[in-house]
**Student:** 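Please see the structure below; I have some questions.
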Amino acid sequence: MKYKISFPNTSYPELELPEKANLSEELSATNSPVLFGCRTGLCGTCLIEVDSSNSDLEEPNEIEKEALSIYAPGNLKARLACQVQVKCNMSLRALSSQ
């Protein structure tokens, strides 16, 4: 199964990614608007805001929750792309962790 990943309000084309694909690996290979640094959920470089079509997206683990509390406090749609597996259609918007 494949899911659609879109980047609204950008010139980046929509992608179709396989189920359970890791966003950091797939988006790095496709020249997306999302940047990556450490890839372990600590640096915040890949901070994104996710709108998904359903609730199949896994909840952040404890390490990601801690990082999100620093990089995007109060933003319930914020995620670290390096920690997300594709399990639904998603619209992504890159956020600044600064």
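For the numbers below, each heavy atom of this structure counts, side chains included, while hydrogens, waters and symmetry mates do not. Residue numbers run from 1 in the order of the sequence given.
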**Student:** Would L68 and L80 count as a side-chain contact (heavy atoms from CB on, under 4.5 Å) if you check the C-alpha gap in whole Å, the side-chain angles of each, and the deciding distance to 0.1 Å?
**Tutor:** CA-CA 8 Å; L68 292 171; L80 296 174; 4.1 Å; yes
**Student:** Distance-only criterion, 3.5 Å: show the donor-acceptor pairs between side-chain atoms of residues 7-15 and protein atoms not counting sequence neighbours.
**Tutor:**
from : atom 1 : to  : atom 2 : distance (Å)
T10  : OG1    : F7  : O      : 2.7
T10  : OG1    : Y12 : N      : 3.2

**Student:** Taking all heavy atoms of N89 and all of K4, pick out the closest pair and write down the distance.
**Tutor:** OD1-N, 2.7 Å
**Student:** Can you find a pair of side-chain heavy atoms, one from V84 and one from N22, that are under 4.5 Å apart?
**Tutor:** no
**Student:** Between V86 and L57, is any pair of side-chain heavy atoms under 4.5 Å apart?
**Tutor:** no
**Student:** Can K87 and E58 be counted as an ion pair, charged N to O under 4.0 angstrom?
**Tutor:**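 Salt bridge flag = yes for E58 with K87.
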**Student:** Between C46 and C82, which heavy-atom pair has the shortest distance, and what is it?
**Tutor:**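 Minimum heavy-atom contact is SG-N, 3.3 Å.
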**Student:** Before accepting this row, confirm whether a basic side-chain N of the pair E49/R93 lies closer than 4.0 Å to the acidic partner's carboxylate O.
**Tutor:**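 Between R93 and E49 there is a salt bridge, with a charged N closer than 4.0 Å to a carboxylate O.
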**Student:** Hey, is E19 close enough to K2 for a salt bridge, meaning N to O under 4.0 Å?
**Tutor:** no
**Student:** Less than 4.5 Å apart, side chain to side chain, heavy atoms only: is that true for I48 and L23?
**Tutor:** yes
**Student:** Roughly how far apart are E64 CD and Y71 OH, rounded to 0.5 Å?
**Tutor:** 12.0 Å
**Student:** For Q85, which residues count as a side-chain hydrogen bond (donor to acceptor under 3.5 Å, both in side chains) partner, sequence neighbours excluded?
**Tutor:** none
**Student:** For the OG atom of S91 and the CG atom of D51, what is their distance to the nearest 0.5 Å?
**Tutor:**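 One gets 6.0 Å once the value is rounded to the nearest 0.5 Å.
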**Student:** Are there over 12 heavy-atom neighbours, none belonging to E16, within less than 6.0 Å of that residue's CD?
**Tutor:** yes
